[in-house]
2 protein chains.
Amino acid sequence: MSYGKPCSRACRSTHLEKLRARNNFHRGFHVALENPTVKEAAEFVRNALSERKALIIVGNCWVEYQGRASSKLESGERIIIIKDDGSVLVHRPAGYEPVNWQPPGCLFQTRSADNVLEVKAVRRKPSESVRMFFDRIYLLSSLSLVDRGKFSLYASEEDMQRAILFEPEILEHGFKPITYEKKVEPGFVDIYGIDKDGKFVVVEIKRKTAGRQAALQLAKYVDAIKAMVNREVRGILVAPRLAKGTQRLLATLKLDFKALDPRRCSEVLSMPETKKLEEFFG
Amino acid sequence: MSYGKPCSRACRSTHLEKLRARNNFHRGFHVALENPTVKEAAEFVRNALSERKALIIVGNCWVEYQGRASSKLESGERIIIIKDDGSVLVHRPAGYEPVNWQPPGCLFQTRSADNVLEVKAVRRKPSESVRMFFDRIYLLSSLSLVDRGKFSLYASEEDMQRAILFEPEILEHGFKPITYEKKVEPGFVDIYGIDKDGKFVVVEIKRKTAGRQAALQLAKYVDAIKAMVNREVRGILVAPRLAKGTQRLLATLKLDFKALDPRRCSEVLSMPETKKLEEFFG
DNA sequence: GAGTGGATTTCGCAT
DNA sequence: ATGCGAAGTCCACTC
């Protein structure tokens, strides 16, 4: 699978042909190459990029970035992914985040000289470039990935909002929503409604532990609405739970709290009647 | 390179031995496998995880996440990276961000049944898990990456601050810094000093285009200092450039602007005398 | 261990 | 295009 020695330019395409023929790849056109020479790698990368394929490069490299900031990454072994949408990821062997990257939409340029392969990814707006220099390559893979699978994230803040709009009882008995995403002075009120006693209610939703900031935000909204309607206005903070110390702050600000598990909201939204909501509020 | 048929448990380790022997991997222990069966993949992944190696899996999979939120990703071809620090990335063929992931520190569990390989990554605090199910695997790679390369990011906001403290002339002729990160009412003043005429100066630094918010923030600081010292106070906004419309706002607020390229700051900080600054201000 | 702020944040949505 | 808010944000630093 790995080439022992570099070959002349004439035989390279033949090599690739053989390579492809030898491998019974499933449906796509997935090709891999281990321990290529720099020249072989250059050819491989150039082909992959021109054919708009996804590319995995594992090797020893150094990286320079110039753009919104500038950075320099010294020599080391990393995993690089170049996707066919023109995004780039440089991953060190540790950490969730890429050390260098480029968002989708890059144009690529490759060069090789003195046994070093350079891959340059450039984008405009903002103008920035990542240059990767390889002197050893362990693994190359060119991939045509097909992915039409749907991705669903449950119980986001938006889902919690919709759950309350659809089933206001989960917030509080007798609550009736009026509007949502209502624009007021400081921003957007998540839900605005009336409680069982006819008092105005402002609802602020957090999908995770709510803290100081959420409480203060809600207080601002309550004040803004209060100034508009010139009546008493209640504020209810909705979240799975409160951060330490937030309860006392809520008391000081005279705001209420309603614990609500995001999963409960997912359940509500999974009910078939949910579609009615879409008709109403969509 | 790829196995034609699954083999009995007895011969598996032998297969891996051969595989390793056949490949003259550079320094590390990089191993790759193309189009393995699910059983072969299970063995390979189990080994890689138990040996604390980094792992690349390219294949058709579906993914479930349960934790702070919950998500479901339907079947499709993706690139998965599992690093030896216990972080996980699931990358679709497009987009900069992983569709699913797990930060460092996960524990792993693998199972295979009915020609499906399951890899489960669990972490505590917060308690969450990602489960990946593979029914076709195109590429597997087990890697021992060595990366001691230093990463340097130039011209962060802090660097710009230090550059001005070290070489105040780059801000303005005759400027003398007094303190930095000075605590005042609304937050922290980046730099506080005196200009060539003896007037007090508040400096607000932005490492990128400064806009409305930066100007207003600076104005707050100026007012706060003014109230304290009961004297005239100048405000200077330092940034590579201004957002559209910010110049007029600055004029209205009677604030000054100084364009300063982050790269220029990097240059100043790269001077050997910079270390003196660390002694003074560190 | 929890809280706070920054990021080459990215991403999405509304203006 | 631009600007603002949210994110399973992550991460580093402080208390």
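What you are looking at is a predicted structure, and each value in this text was computed from that prediction instead of being measured. Letters A, B, ... mirror the listed sequences (proteins, then strands); counts begin at 1.
The closest side-chain heavy-atom distance from A:Lys120 to A:Val122 is below 4.5 Å. Taking 4.5 Å as the limit, some side-chain heavy atom of B:Pro177 sits within range of a side-chain heavy atom of B:Ile191.
Applying the side chain to side chain donor-acceptor pair (under 3.5 Å) criterion to B:Lys206, with sequence neighbours excluded, gives no partner residue. A:Ser152 is linked by a side chain to side chain contact (heavy atoms under 4.5 Å, CB included) to A:Lys150, A:Tyr154, counting only residues two or more places apart in sequence or in another chain.
Rounded to whole angstrom, the span from the CD atom of B:Glu128 across to the C1' atom of D:dA7 amounts to 13 Å. Atom CG of A:Leu249 and atom P of C:dT4 are 10 Å apart (whole Å). Look at CG on B:Leu153: it is 13 Å from P on D:dA12, rounded to the nearest Å. One atom, CG of A:Leu216, and another, C1' of C:dG3, lie 14 Å apart when rounded to the nearest Å. We find that CZ of B:Phe151 is positioned 13 Å from C1' of D:dC11, with the value rounded to whole Å.
Projected onto DNA chain C by closest heavy-atom contact, B:Lys125 and B:Lys206 fall at different nucleotides, the more 5' of which corresponds to B:Lys125. Between B:Ser71 and B:Pro104, the residue anchored nearer the 5' end of DNA chain D, judged by the nucleotide with its closest heavy atom, is B:Ser71.
The pair A:Arg52-A:Asp84 does not count as a salt bridge, with every side-chain nitrogen at least 4.0 angstrom from each carboxylate oxygen.
A distance of about 22 Å separates the P atoms of D:dG8 and D:dC4, rounded to the whole Å. C:dT8 and C:dT4 have their P atoms separated by 23 Å, given to the nearest Å.
Using bins of under 30°, 30° to 60° and over 60° for the plane-to-plane angle, the ring pair A:Trp62/A:Phe133 lands in the parallel bin.
The shortest distance between the side-chain N/O atoms of B:Arg68 and the OP1/OP2 oxygens of D:dC10 is below 4.0 Å.
Taken residue by residue, residues 80-103 of chain A places heavy atoms nearer than 4.0 Å to DNA chain C at A:Val99, A:Asn100, A:Trp101, A:Pro103.
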